[in-house]
Amino acid sequence: MAGYDAIIIGAGMSGMYQLIRLRELGMKVRVLEAGTGVGGTWYWNRYPGARFDSESYSYGFSFDPELLQEWSWSEHFAPQPETLRYLNRVAEKYELHRDIQFNAEVKSAHFSGDAWRVTLADGSTHAARFLITAIGPLSAHTLPRIEGIESFRGPSFHTARWPKEGIDFAGKRVAVIGTGATGVQTIQEVAKTAGHLTVFQRTPNWCAPLHNRPITEEEQRRIKDDYPEMFRRCAETFACFIHTADPRTTFEVTKEEREAFYEELYASPGFGIWVGNFRDSYTDPAANAEISDFIARKIRSRVKDQRVAEMLIPKNHGFGTRRVPMETRYFEVYNQPNVELVDSKATPIQRITATGLSTSERDFDFDIIIYATGFDGLTGAFDRIDIRGRDGLSLREAWADGARTLVGMLAEGFPNMFMLLGPHTALGNIPRSIEFNVEWVAALLRHMQAHDLTEAEARPEAVEAWMAHVMECSIGLLANEVDSWFTGVNKNVEGRQTRTIARYSGSAPAYRARCEEIAAGGYAELRLR
Ligand code: NAP
């Protein structure tokens, strides 16, 4: 059995950066990656139209000033192939491949007193003192639970398992099931070439314009000059984006001022309309109704057939209480003669057939079916590995009623296991959180090396206190009253039908402050041996 100081599961952004930091500690590290290349989310999600929803330059790694100057993003919101090229460039620069094993799907990880023993799908095993999960909050993709799904004779794909060679939709009859952020990006792209596109929408989402465009040379210079200042800003904002909530409340301004502010946000690029809105937009139901009404009017003005417009306006949740899909002429797609919208709540899909699918109302024939049906978020990737800690304790069982962590990075009963982007870490602009978590884990390991310590585990009372804080942060959020991956709901997964406090809803600065306090206090919240 091969022995390492640390095993990292996953070669996405968090696994890649953790490898770089652990090498600096002189550790012998092995990264186990199920795919054939680095990139994680950006390796797997190759569906047409996949691109950033946060500004490209705010998304890249910030730790290497040379790389920041060398790499030029082509668009304000870069498409997936460019992001994957960027991550490959990082891997090449740091020669990451020599410590990464590809095609290495981890099936189990068992702690046995002094080491983690990790078994791959091919039966081979590796051992290491430390186990670092870099498996992503949105990586365990889920197909819908629809009868007959195996029987379709044509090509069908989940968006997170898209064929590398791409798909030609020209003249084809295409179905897209699902209208989350992924479905929206897919639909607006497929509609350009498909012979006929049928969209099966169960719940409409509130979408807002991305306003993407190429970065000019002048902007490129400014972006590169401004990197330190921009990352400083991201470190201060609630969710690490360049946007942050407006300090005013919705009703402290006049109706005219409010409308003008909404118009300004709607015309601006990126997440500003969501995370840069009035600060009470997602806590005060009346404030939320106001912005929801504004977006509903926009949808009505962009969709010609008012019956279709009404179908596209969410009725069971307010704007921003689920992830807002960013769009580029998404609503106009429904004005095209080759596109049809089907309400899958009114007429549910009953089965997938050899030639298409049947709803409660009609039979449809398709050449291609696309499942944009999302992920078992936050804890799904953990559930898919048989992780056992002290005395054979199963993580799946320990978390059966919801994850329990200390700052999302440690779990009681699982010594020397550190989770990057585990449940209850600050999310938002993900790479900003990744860099913080990776550096926190590296600092802990440096501390352990310096003090000759070999085992670290969260203390039960510290987990209890963190969980109380996680609960407290979530009080009063309208998002808690809505089914989505934010609240741990996935109708396609057994046991994920009821809402939980599945994520950390406090601010990223508050999250980091708590983590830094733990480190500054000599890790008293951890049992170190
Ligand atoms: P999602 O938001 O969970 O959406 C899944 C969609 O599939 C929903 O519309 C859901 O309907 C539908 N669905 C699932 N099962 C179905 C069934 N049996 N029949 C009919 N419809 C079904 O997943 P996602 O769109 O992949 O997005 C997940 C997250 O990934 C996003 O929230 C975002 O955080 C991230 N993402 C980011 C980017 C970016 O930054 N560029 C792009 C894409 C995704 P219901 O709503 O009714 O369940």
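Order of appearance sets the numbers: ligands from 1, and atoms from 1 within every ligand.
Between Tyr57 and His76, the ring centre distance stays below 6.0 Å. Residues Tyr227 and Phe231 bring their aromatic ring centres within 6.0 Å.
Nearest protein neighbour of atom 44 (C) of ligand 1, counting heavy atoms only, is Thr182 OG1, 3.3 Å. Of the protein's non-hydrogen atoms, Arg322 NH2, 2.9 Å is the one closest to atom 46 (O) of ligand 1. Atom 17 (C) of ligand 1 has its closest protein heavy atom at Arg202 NH1, 3.4 Å. From the protein, the heavy atom lying nearest to atom 23 (O) of ligand 1 is Gly374 CA, 3.2 Å. In terms of protein heavy-atom proximity, atom 8 (C) of ligand 1 is closest to Thr179 N, 4.0 Å. Considering only non-hydrogen protein atoms, atom 20 (C) of ligand 1 sits nearest to Ile177 CG2, 3.7 Å. Of the protein's non-hydrogen atoms, the one nearest atom 47 (O) of ligand 1 is Thr203 OG1, 2.5 Å. Annotation: atom 38 (C) of ligand 1 to nearest protein heavy atom, Arg323 NH2, 3.4 Å.
The two atoms that bring Thr36 and Phe102 nearest to each other are C-CD2, 3.6 Å, heavy atoms only.
Residues Trp485 and Asn490 have side chains not in contact (no heavy-atom distance under 4.5 Å, counting atoms from C-beta outward).
Asn437 places no side-chain N or O within donor-acceptor distance of the main-chain N or O of Thr425, the cut-off being under 3.5 Å. Checking side-chain atoms of Asp363 against main-chain N and O of Ser358 turns up no donor-acceptor pair under 3.5 Å. Judged purely by atom type and a 3.5 angstrom limit, Gln220 uses its side chain to pair as donor or acceptor with the backbone of Trp73.
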Practice task
Test salt bridge (charged side-chain N to carboxylate O under 4.0 Å, His left out) on Lys315 and Glu310 and set out the steps.
Solution key: CA-CA 9 Å; Lys315 305 292 189 304; Glu310 286 313 308; 3.5 Å; yes

Exercise for the section: Determine, stepwise, if the pair Ser268 / His211 fulfils side-chain contact (heavy atoms from CB on, under 4.5 Å). Expected result: CA-CA 7 Å; Ser268 307; His211 296 299; 5.6 Å; no

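Residue Asn492 approaches ligand 1 through these ligand atoms, each under 4.0 Å from one of its heavy atoms: 14 (C), 15 (N), 18 (N). In summary, the atoms of ligand 1 found under 4.0 Å from a heavy atom of Arg51, numbered by their order in the structure, are 39 (C), 41 (N). Short contacts between ligand 1 and Tyr47, defined as distances under 4.0 Å to a heavy atom of the residue, involve ligand atoms 42 (C), 43 (C). The atoms of ligand 1 that sit less than 4.0 Å from any heavy atom of Leu138 are 29 (C), 30 (O), 34 (O), 35 (C). For ligand 1 and Gly178, the ligand atoms under 4.0 Å from any heavy atom of the residue are 6 (C), 7 (O), 9 (O), 12 (C).
Checking Asp280 against Thr250 by side-chain atom types alone, a donor-acceptor pair falls below 3.5 Å.
Contact annotation: for Ile349 versus ligand 1, there are no heavy atoms closer than 4.0 Å. Of all the heavy atoms of Ala372, the ones lying under 4.0 Å from any atom of ligand 1 belong exclusively to the backbone. Counting heavy atoms under 4.0 Å from ligand 1, residue Trp485 touches it through the side chain alone. Contacts with ligand 1 closer than 4.0 Å are made by no heavy atom of Tyr59, backbone or side chain. When heavy-atom distances to ligand 1 are checked against a 4.0 Å cut-off, Gln201 has no atom that comes that close, whether in backbone or side chain. Contacts between Ser344 and ligand 1 below 4.0 angstrom, taking non-hydrogen atoms only, are absent altogether.
Ring geometry for Phe436 against Tyr511 counts as perpendicular: the plane angle is over 60°, on a 0 to 90° scale with 30° as the lower cut. The aromatic rings of Phe169 and Trp162 sit tilted relative to each other, their planes meeting at an angle between 30° and 60°.
With Gly180, Gly49, Pro144, Pro79 as candidates, the residue nearest to atom 2 (O) of ligand 1 on a non-hydrogen basis is Gly180.
Atom CD of Glu229 sits in a crowded spot, with more than 12 heavy atoms from other residues, nucleotides or ligands closer than 6.0 Å.
Distances between N or O atoms of Ala181 and those of ligand 1 include at least one value under 3.5 Å.
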